Amino acid sequence: MTRSAGVRAAVLWTAFLLAHAVTAVAGWIYPSQPMGDVVLVYEPWAASALSGGPVVGVTETWVYPQLALVPMVIAKILSLPLVAGLGASAAYLIAWAVMVTALDALAFAVLTSGSSAQPRRVAAWFWCGALLLLGPIALYRIDGVTVPLAVIGGLWLTRRPMVAAALLAAGAWIKIWPGALLVAAIIAARARVRMLLAAALVTAGVIAALYLLGARSEIVGFLSEQTGRGLQIEAVAATPFLWLARTGAARIEYSFDILTFQIAAPGAEAVGSLLTPLMLLVVVVIAAIGAVKALRRTSFSRLFPPLALSLVVALIVVNKVGSPQFQAWLFAPVILWLVLDRARAKAPAAIVLVLAGLTCLVYPLNYDALLRAEFLPVLVLSIRNVLLLVLLAVGIRSLLRAPSTSPTLKE
């Protein structure tokens, strides 16, 4: 490594550490408890599993796929030496931040160690900026564990396809969205059979382990838990109802079953019930476009990035849930797009940075005002949701424009 390369690497890693430190500390400062899920739900779930109590996803139906419990338990174990001096809650929060930062550091090392130095450096800077703009929810949510898995898996797709597919499948058993990257990879890459085999082995292993632990209907319980949700206030489809809430024609209510704020208004339940089948339809259509492009031998570098981003954005846009941490899902496909095809990734990257900043303005910075349906946060959230639709259009447009005459990338 030359001296200039060493300086660039040192600057990048300094930015990475500062971004994570600032984001982690912001969780203790910002309003609306941006670390609430970690200490109020993750820690009790982990403590119960370790103490012989109910095990979510095994002895009772859970809202997450079962591997999500693993990082929660790991963080609990890491926190034990700190409990005496800090208390259980503070110890767990610190352990969680350290764990997610360590996972991000591993992915950051993979990202910055490749041969295509300039695109990877740009992607690394994008990641640091996006993390700072989105704020504490990028770290203090289970979604933060899946982002580095998706980044590593995406970067290894052409060199280590089976390992990459296994990582993405494991990520999908933590939070479903990395499965979108896996689907895009299976469509776009030549090693699709090996990827399918690796993903199937991971899935079979998880199901077998759960069955041996005594889980039966709980194995797919996270699917039924999701279908039982109402229309969450941050969801794209909830935007018109938020404006109605300002006039009193709709209400914002808290669901103690799902632990989130939802819309109560005539038509809201019907809209929510339509979103899940609509999401399936949109995902199938996008995947079909990608499959046609693959059959016409579109190159991996032109096909995979817009296909992956479009699928991930569809999971956000056509969703009855609009949790702010969902914006972290966008980091991985944009990072991969910047690495594979930087020139065409500029617009999506810029949009995602704006989305991250707008999301943080809504939650946690102005969430109390949003719950009162005040004008400014409703406007900011509306702009954010419109921009998500724009990002979906940008992704699909790039997918449709991907040339069908380029030779397929060799493994």
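Every value quoted in this text rests on a predicted model; they were computed, and no experiment measured them. We use all heavy atoms of the structure for the numbers below, so side chains are in, but hydrogens, waters and symmetry mates are not.
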Which residues satisfy the side-chain hydrogen bond (donor to acceptor under 3.5 Å, both in side chains) test with [X], sequence neighbours excluded?
X: W337; answer: none
X: R372; answer: E374
X: T239; answer: N385
X: W173; answer: T203

Might you point out which heavy atoms bring [X] and [Y] nearest each other, and give the distance in Å?
X: A332; Y: L181; value: CB-CD2, 4.3 Å
X: Q262; Y: G230; value: OE1-N, 3.1 Å
X: L399; Y: P306; value: N-CB, 3.8 Å
X: A95; Y: A75; value: CB-O, 3.4 Å
X: P136; Y: P34; value: CB-CB, 3.9 Å
X: N366; Y: P377; value: O-CB, 4.0 Å

Item to complete: For the pair V390 and I351, evaluate side-chain contact (heavy atoms from CB on, under 4.5 Å) and give the outcome as yes or no after the intermediate values.
Response: CA-CA 9 Å; V390 172; I351 292 172; 4.2 Å; yes

Worksheet item: Where do M72 and Y92 land on the side-chain contact (heavy atoms from CB on, under 4.5 Å) test, with the steps shown first?
Response: CA-CA 9 Å; M72 297 176 189; Y92 191 78; 3.6 Å; yes

Could you work out, with salt bridge (Lys or Arg N to Asp or Glu O under 4.0 Å) as the rule, every residue matching [X], not counting sequence neighbours?
X: D104; value: none
X: R246; value: none
X: E60; value: none

Discussion item. Over 60° means perpendicular and under 30° means parallel, so tell me whether F304 and F300 are parallel, tilted or perpendicular.
Written reply: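 Ring orientation of F304 relative to F300: parallel.
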
Item to complete: Can you label the angle between the W45 ring and the Y42 ring as parallel, tilted or perpendicular, going by 30° and 60°?
Response: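 Correct class here is parallel.
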
I want to check something: taking the side chain as every heavy atom from C-beta on, are [X] and [Y] in contact at a cut-off of under 4.5 Å?
X: L168; Y: M195; result: no
X: F375; Y: W243; result: yes
X: L82; Y: I94; result: yes
X: I396; Y: V313; result: no
X: C360; Y: L133; result: no
X: H20; Y: L131; result: yes
X: L388; Y: L392; result: no

Under 3.5 Å: donor-acceptor pair, side chain of [X], backbone of [Y]:
X: Y140; Y: L93; result: no
X: S48; Y: P54; result: yes
X: R192; Y: I187; result: yes
X: T14; Y: A10; result: yes
X: S404; Y: T298; result: no
X: S398; Y: G395; result: no

Item to complete: Start with the C-alpha distance between T112 and R120, add both sets of side-chain angles, then the distance that settles side-chain contact (heavy atoms from CB on, under 4.5 Å), and finish with yes or no.
Response: CA-CA 6 Å; T112 56; R120 288 175 178 254; 5.7 Å; no

How many angstroms lie between atom [atom1] of [X] and atom [atom2] of [Y], to the nearest 0.5 angstrom?
X: L370; Y: L242; atom1: CG; atom2: CG; answer: 6.0 Å
X: W62; Y: F222; atom1: CH2; atom2: CZ; answer: 11.0 Å
X: W96; Y: S79; atom1: CH2; atom2: OG; answer: 11.5 Å
X: Q66; Y: I219; atom1: CD; atom2: CD1; answer: 7.0 Å
X: R384; Y: L387; atom1: CZ; atom2: CG; answer: 9.5 Å
X: L111; Y: L106; atom1: CG; atom2: CG; answer: 11.5 Å

Is there any salt bridge (charged side-chain N to carboxylate O under 4.0 Å, His left out) pair reaching into [range], and which pairs are they, with sequence neighbours excluded?
range: residues 333-343; result: R302-D341, D341-R344
range: residues 18-44; result: D37-R141, E43-K76
range: residues 11-29; result: none

Worksheet item: Out of V220, I174, I176, which residue meets the side chain to side chain contact (heavy atoms under 4.5 Å, CB included) rule with P65?
Response: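 So the option named by the test is I176.
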
Item to complete: Please test Y254 against L371 for side-chain contact (heavy atoms from CB on, under 4.5 Å), starting from the C-alpha separation and ending with a verdict.
Response: CA-CA 10 Å; Y254 188 72; L371 297 180; over 6 Å; no

Worksheet entry | side-chain contact (heavy atoms from CB on, under 4.5 Å) involving V318 - partner list, sequence neighbours excluded |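 V318: side-chain contact (heavy atoms from CB on, under 4.5 Å) contacts with L275, L278, M279, V282.
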
Let me have the donor-acceptor pairs involving side chains of residues 145-157, under 3.5 Å, with sequence neighbours excluded, atom names and distances please.
unit_1, atom_1, unit_2, atom_2, d
T146, OG1, D143, O, 2.6
T146, OG1, W177, NE1, 2.9

